[in-house]
K.L.:
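One structure, as structure tokens, below. Some questions next.
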Amino acid sequence: MRLIFATAWLLLWCAAAAAQVPPAPAEGRFLDPDRAARVHFGELDSEHGRARLERHLQRRPDDSRGWTARAFWHAVTHGDAAAALADLERARGVIEGHPLRERETLWSEGWIRLHLGHVPEARDAWTRAMQMHGGRPFWVPHSFAVLAELGGERHVALGWYAVAVRDMPQRWGSREQALAYTRRWRDAERNAMLALHDAWRAERDHDPAH
């Protein structure tokens with residue numbers, strides 16, 4: 001069943017990719033765990049944290065997680081696309097034959113690309129990460145929601161936000177919950193999700209069914 005879903009989803013996504021937007025939400029819940037969906041070395045907002053990461057990379061230049069963490073820092077702190085993409089390339093160079101590390105790098109690349117304003121590239125990275133996962137990872141609805149919103153596709157973004165609320169109301173069902181979950185996000189992405197929450201809430205409040 002997972003293979004059938006993944007194949008059908010990939011065909012839908014490839015069609016949407018030609019238009020450079022995410023597809024409309026698919027049927028089914030997105031609740032599968034995904035060990036690849038996390039940021040490592042998360043204390044890079046301090047000199048101590050950055051020095052710790054640099055020491056780690058000197059000792060372990062074969063650790064893709066260190067390179068993607070530094071790519072995050074370049075993208076989020078300075079918007080330095082050249083440095084961020086160079087570190088992503090270093091990460092890709094050391095993950096051959098390790099599917100989990102490849103998914104980690106792709107998931108991270110999606111956010112890094114989004115931080116840099118590279119919406120189509122973010123879509124492509126998340127597409128591959130989802131395909132490699134093979135199921136319905138929990139991060140898909142809110143990630144595609146913010147991707148579509150920042151890509152100027154409000155209707156698609158609202159559809160994905162509604163899926164996020166349906167599947168994880170404890171994270172996205174209220175503005176306070178959305179604020180809490182996105183507290184470490186960059187302002188652009190956080191504000192996009194809050195705008196989606198407000199638009200979703202306004203639509204729901206005007207729906208006679210509610």
K.L.:
Counting heavy atoms not belonging to Gln170, are there more than 12 under 6.0 Å from its CD?
P.N.:
yes
K.L.:
Is it the case that the ring center of Phe30 lies less than 6.0 angstrom away from the ring center of Trp160?
P.N.:
yes
K.L.:
Does Ile112 reach the side chain of His118, with side-chain heavy atoms less than 4.5 Å apart?
P.N.:
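No, side chains not in contact.
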K.L.:
Could you check whether Asp34 pairs with Arg103 (Lys NZ or Arg NE/NH1/NH2 to Asp/Glu carboxylate O, under 4.0 Å)?
P.N.:
yes
K.L.:
Walk me through it: do Tyr181 and Trp172 pass the test ring-ring contact (aromatic ring centres under 6.0 Å, His included)?
P.N.:
CA-CA 8 Å; Tyr181 189 72; Trp172 305 108; 5.0 Å; yes
K.L.:
How many angstroms lie between NE2 in His74 and CG in Leu44, if you round to the nearest 0.5 Å?
P.N.:
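It is 10.0 Å, given to the nearest 0.5 Å.
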K.L.:
Report yes if some heavy atom in the side chain of Arg171 is under 4.5 Å from a heavy atom in the side chain of Gln177; otherwise report no.
P.N.:
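No - every pair of side-chain heavy atoms lies 4.5 Å or more apart.
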K.L.:
Would you name the heavy atoms of Ala195 and Arg154 that are closest together and state the gap between them?
P.N.:
CB-NH2, 4.1 Å
K.L.:
For Arg136 and Asp32, what are the C-alpha separation, side-chain angles and deciding distance, and is it a salt bridge (Lys or Arg N to Asp or Glu O under 4.0 Å)?
P.N.:
CA-CA 5 Å; Arg136 299 181 176 92; Asp32 293 343; 5.9 Å; no
K.L.:
Decide yes or no for Trp200 and Val165: does some side-chain heavy atom of the first lie under 4.5 Å from some side-chain heavy atom of the second?
P.N.:
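Yes, their side chains come closer than 4.5 Å.
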K.L.:
According to the interplanar angle, ranging from 0 to 90°, do the rings of Trp107 and Trp111 count as parallel (below 30°), tilted (30 to 60°) or perpendicular (above 60°)?
P.N.:
perpendicular
K.L.:
Go through the steps for His142 and Tyr161 under the test ring-ring contact (aromatic ring centres under 6.0 Å, His included), then give the verdict.
P.N.:
CA-CA 6 Å; His142 67 261; Tyr161 192 88; 9.6 Å; no
K.L.:
Closest approach of Val94 and Pro61, non-hydrogen atoms and distance?
P.N.:
CG1-O, 3.9 Å
K.L.:
Please determine whether residues Leu194 and Leu114 belong to a single hydrophobic cluster, defined as Ile, Leu, Val, Met, Phe, Trp and Tyr linked transitively by side-chain heavy-atom distances below 4.5 Å.
P.N.:
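Not linked; separate clusters.
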K.L.:
Heavy atoms only: give me the nearest Ala148-Val156 pair and the separation to one decimal.
P.N.:
CB-CG1, 4.0 Å
K.L.:
I'd like to check the salt bridge (Lys or Arg N to Asp or Glu O under 4.0 Å) partners of Arg70; sequence neighbours left out, ordered by chain and number.
P.N.:
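Listed in chain order: Glu54, Asp87.
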K.L.:
In terms of side-chain geometry, is the basic nitrogen of Asp63 or Arg65 positioned less than 4.0 Å from the acidic oxygen of its partner?
P.N.:
no
K.L.:
For the atom pair CG (Asp80) and NE2 (His115), what is the distance rounded to the nearest 0.5 Å?
P.N.:
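Between Asp80 CG and His115 NE2, I get 14.0 Å after rounding to 0.5 Å.
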K.L.:
What is the distance from atom CG of Leu116 to atom NE2 of His78, rounded to the nearest 0.5 Å?
P.N.:
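The CG atom of Leu116 sits 12.5 Å away from the NE2 atom of His78.
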K.L.:
Hey, what do you get for CZ (Arg101) to CG (Asp62), rounding to the nearest 0.5 Å?
P.N.:
10.0 Å
K.L.:
Hey, does the Lys NZ or Arg CZ of Arg90 hover above the aromatic six-ring of Trp67, less than 6.0 Å from the centre and inside 45° of the axis?
P.N.:
yes
K.L.:
Less than 4.5 Å apart, side chain to side chain, heavy atoms only: is that true for Arg50 and Phe41?
P.N.:
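Arg50 does not reach Phe41 side chain to side chain.
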K.L.:
Taking atom CZ of Arg123 and atom OG of Ser143, what is their separation to the nearest 0.5 Å?
P.N.:
14.5 Å
K.L.:
Is Met193 reachable from Val163 through a run of hydrophobic residues whose side-chain heavy atoms are each under 4.5 Å from the next?
P.N.:
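Cluster IDs for Val163 and Met193 match.
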K.L.:
Taking 4.0 angstrom as the limit, do Arg92 and Glu109 come out as a salt bridge?
P.N.:
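So Arg92 pairs with Glu109 through a salt bridge.
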K.L.:
Please examine the side chains of Glu189 and Thr182, heavy atoms only from C-beta on, and report whether any two atoms are closer than 4.5 Å.
P.N.:
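Not in contact.
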K.L.:
Could you work out, with salt bridge (Lys or Arg N to Asp or Glu O under 4.0 Å) as the rule, every residue matching Arg128, not counting sequence neighbours?
P.N.:
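Counting only residues at least two positions away or on another chain, Arg128 forms a salt bridge (Lys or Arg N to Asp or Glu O under 4.0 Å) with Glu102.
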K.L.:
Just verifying a value: how many Å separate Leu179 CG and His197 NE2, rounded to the nearest 0.5 Å?
P.N.:
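Here the interatomic distance stands at 9.0 Å.
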K.L.:
Taking the side chain as everything from C-beta on, heavy atoms only, tell me whether Phe72 gets closer than 4.5 Å to Val39.
P.N.:
yes
K.L.:
Which pair of heavy atoms, one from Ala192 and one from Glu149, lies closest together, and at what distance?
P.N.:
CB-CG, 3.8 Å
K.L.:
Do Met132 and Leu88 share a hydrophobic cluster (ILVMFWY, side-chain heavy atoms under 4.5 Å, transitive)?
P.N.:
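Looking at the clustering, Leu88 is in a separate group from Met132.
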K.L.:
Is atom CZ of Arg52 surrounded by more than 12 heavy atoms (other residues, nucleotides or ligands) closer than 6.0 Å?
P.N.:
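Check fails, neighbour count at 12 or below.
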K.L.:
Are Leu106 and Trp126 close enough, and set up right, to give a side-chain contact (heavy atoms from CB on, under 4.5 Å), and what steps lead you there?
P.N.:
CA-CA 6 Å; Leu106 287 167; Trp126 281 337; over 6 Å; no
K.L.:
Using the ring of each side chain (for Trp, its six-membered ring), is Trp139 parallel, tilted or perpendicular to Phe144, with breaks at 30° and 60°?
P.N.:
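It falls in the perpendicular class, over 60°.
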K.L.:
Is it true that, when you exclude His155 itself, more than 12 heavy atoms of the residues, nucleotides or ligands shown sit nearer than 6.0 Å to its NE2?
P.N.:
no
K.L.:
Indicate the atoms forming the closest heavy-atom contact of Ala145 with Leu196, along with that distance.
P.N.:
O-CD1, 3.6 Å
K.L.:
Grab the two heavy atoms, one from Gly28 and one from Arg166, that are nearest each other, plus how far apart they are.
P.N.:
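Answer, listing the atom of Gly28 first, then Arg166: O-NH2, 2.8 Å.
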